[in-house]
Amino acid sequence: MAQRPDLRFTRIELVNWRNFGHCGIDLAPRVFLVGPNASGKSNLLDAFRFLRQLVVSAGGLQAAVADRGDVSRLRALHARENSDIRIVADIGTAADPRKWRYELTFNGRKADPARIVGERVWHQESLILNRPDDGDRKDPRRLTETHLEQISANQPFRELVDFLAGIEYLHVVPQLIRDPERLSSRRSAFFGIDLIQRIAETPKKTRDARLRRIVGALQVAVPQIETIEPQQDTRGIWHIRAKYRHWRPQGAWQTEESFSDGTLRLLGLLWSLQDQGGPLLLEEPELSLHPEVVRQLPRLFAQVQRARGRQIILTTHSLSLLSDDGIGLEEVFLLRPRQEGTEVTPAKDMQVVKALLEGGVSLGEAVLPQVAPARPEQLTLFAP
């Protein structure tokens, strides 16, 4: 599948999607989503995952909705008179920020198939798909499938389809990587279950070059590590093993079962950053990593973007990650729960954040207190 790394999401709008009553976000090549627990950071990332699932094999609208329960579970709880769910995504470049626009509006009742209320595609300013059309009105069952997911219908906007198919979500769960039955759960590749299989199936020359680069990076956090390689056991299951410097001259080998959570998370992150793909969605990449390693991640992401053109959208709670002076205010968005749904505010529009930065505090110190729980000290009142 041909990828277009120069394309990226330039804007997304959500209506009645999970936590969000209505929000619109202009997206930079690198995006940091910051907010308290249950504010909707993961649900915002899930809107991009939903778009991807519309177009991939074994996907489509009904599968995407079913994997999330049903339409009622996707619909914002505060949706009242208008209960339609809408996702609008602009895809383009810095020079042409709205090369493509995709709009999907759908609804449905519990236990019934999701039904399309509207589906539109624009190429620049030209509307090239507008549903429902005459065919839909003659056969309403057609409105249970998007044209985006149909090869016979999506040829005029195949570039858009390929772009959405290239979205990658990564939230490595070390316990799943260590699970010897992980291959029976290939469906959950998002959580790193197939990471070792992906490494093993990569052509040897490419794989070895990537692993050498990863070892060089990992040595910052794990200085004893010398080499990493895949290894297949007698059952045909692939493992990853690493050689560590040891008091014995030949060193000591360990498989993923002995890797720390931080090593596995960083391995998965570094491997994915070398992929030639579409937007990369990262869920709290700082987890299990030392703060000094976390401080380097924004710079690492910037280097990847310069080399590969991948858009990176991530969630974070980390003061260390947000301490990098290279992060621009236009890249940071604050999510704050409100009575009518989560409010998303660009940091560049917040005078209090600008004033704090002018006063000499770091970006993290300016931003994180704006999304802190109102009374976190109440937690100490818990009596077991």
Side-chain angles (χ1 to χ4, degrees), residues 3 5-6 8 29-30 166-174 177-178 189-232 238-246 251-314 316 318 320-321 324 326:
Q3 295 295 337
D6 53 317
R8 62 176 175 87
R30 189 177 58 170
I167 295 170
E168 181 182 359
Y169 172 83
L170 185 69
H171 181 42
V172 171
V173 179
I177 296 179
R178 298 186 188 107
F190 294 141
F191 303 104
I193 293 173
D194 73 340
L195 172 64
I196 296 174
Q197 188 76 9
R198 285 168 55 197
I199 292 173
E201 292 176 351
T202 301
K204 186 178 187 305
K205 184 177 180 181
T206 301
R207 180 187 70 210
D208 291 349
R210 284 189 176 194
L211 289 176
R212 281 195 298 271
R213 287 192 289 268
I214 287 174
V215 167
L218 279 177
Q219 286 174 342
V220 175
V222 190
Q224 302 89 350
I225 200 166
E226 290 187 336
T227 188
I228 296 176
E229 62 183 32
Q231 184 183 51
Q232 200 169 26
W238 283 99
H239 298 270
I240 196 80
R241 68 174 191 162
K243 186 177 182 181
Y244 293 81
R245 283 192 293 274
H246 193 264
W253 288 93
Q254 292 182 356
T255 67
E256 73 276 0
E257 294 179 356
S258 301
F259 289 7
S260 70
D261 285 1
T263 299
L264 283 173
R265 290 185 190 277
L266 193 52
L267 173 63
L269 175 61
L270 294 172
W271 183 267
S272 290
L273 287 174
Q274 296 182 82
D275 284 340
Q276 290 280 8
L280 178 60
L281 315 175
L282 299 175
E283 195 87 63
E284 297 182 25
E286 69 269 14
L287 291 176
S288 305
L289 299 179
H290 190 281
E292 290 305 317
V293 174
V294 173
R295 289 178 191 276
Q296 306 306 315
L297 293 182
R299 194 173 306 173
L300 175 63
F301 298 152
Q303 291 172 349
V304 168
Q305 288 176 314
R306 286 194 295 270
R308 300 183 181 275
R310 295 193 78 178
Q311 184 175 34
I312 298 176
I313 304 174
L314 63 92
T316 184
S318 174
S320 297
L321 191 146
D324 188 275

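Atoms considered below: every heavy atom in the structure, side chains included; atoms not considered: hydrogens, waters and symmetry mates. Nothing here was measured: the structure is a model prediction, and the numbers come from that model.
- Few gaps surround CZ on Arg213; more than 12 heavy atoms of other groups in view lie less than 6.0 Å from it.
- With rounding to the nearest 0.5 Å, the separation of CZ in Phe259 from CG in Leu266 is 12.0 Å.
- Put simply, the side chain of Trp271 does not reach to within 4.5 Å of the side chain of Ile196, judged on heavy atoms.
- The nearest pair of heavy atoms linking Val304 to Leu273 is CG1-O, 3.6 Å.
- Checked against Glu229 for a salt bridge (Lys or Arg N to Asp or Glu O under 4.0 Å), the options Arg212, Arg241, Lys204, Lys243 give a single hit: Arg241.
- Counting heavy atoms from C-beta on, the side chains of Gln274 and Ile214 come closer than 4.5 Å.
- Residues satisfying the side chain to side chain contact (heavy atoms under 4.5 Å, CB included) criterion with Ala217, sequence neighbours excluded, are Leu270.
- A salt bridge (Lys or Arg N to Asp or Glu O under 4.0 Å) check over residues 267-286, counting only residues at least two apart or in different chains, returns the pairs Arg198-Asp275, Arg210-Asp275.
- Heavy atoms only, all atoms of each residue included: Leu211 and Ile228 are closest at CD1-O, 3.6 Å.
- For Ala307, there are no side chain to side chain contact (heavy atoms under 4.5 Å, CB included) partners at least two apart in sequence or on another chain.
- Pairing each heavy atom of Glu256 with each of His239, the nearest pair is OE2-ND1, 2.6 Å.
- For Arg207, there are no salt bridge (Lys or Arg N to Asp or Glu O under 4.0 Å) partners at least two apart in sequence or on another chain.
- Residues meeting the side chain to side chain donor-acceptor pair (under 3.5 Å) test with Ser272, sequence neighbours left out: Glu168.
- The distance from the CG atom of Leu282 to the OH atom of Tyr169 is 9.5 Å, given to the nearest 0.5 Å.
- The salt bridge (Lys or Arg N to Asp or Glu O under 4.0 Å) contacts involving residues 262-271 comprise nothing, where partners must be two or more places apart or lie in separate chains.
- Between the side chain of Arg30 and the main chain of Leu314, no donor-acceptor pair closer than 3.5 Å is present.
- Residues Gly262 and Leu289 share a closest heavy-atom pair of O-CD2, 3.5 Å.
- When side chains are defined from C-beta on, Asp194 does not count as touching Trp238, because their heavy atoms never get closer than 4.5 Å.
- Separation of atoms CG (Leu269) and CG (Leu287) is listed at 11.5 Å; rounding is to 0.5 Å.
- The two residues Leu297 and Pro285 have their closest heavy-atom pair at CD1-O, 4.1 Å.
- In this structure, Arg310 contributes its side chain and Gln305 its backbone to no donor-acceptor pair below 3.5 Å.
- Listed here is the closest heavy atom pair of Ile177 and Leu195: CD1-CD2, 4.0 Å.
- Inter-residue side-chain proximity for Arg178 and Leu264 is flagged as met; some heavy-atom pair is nearer than 4.5 Å.
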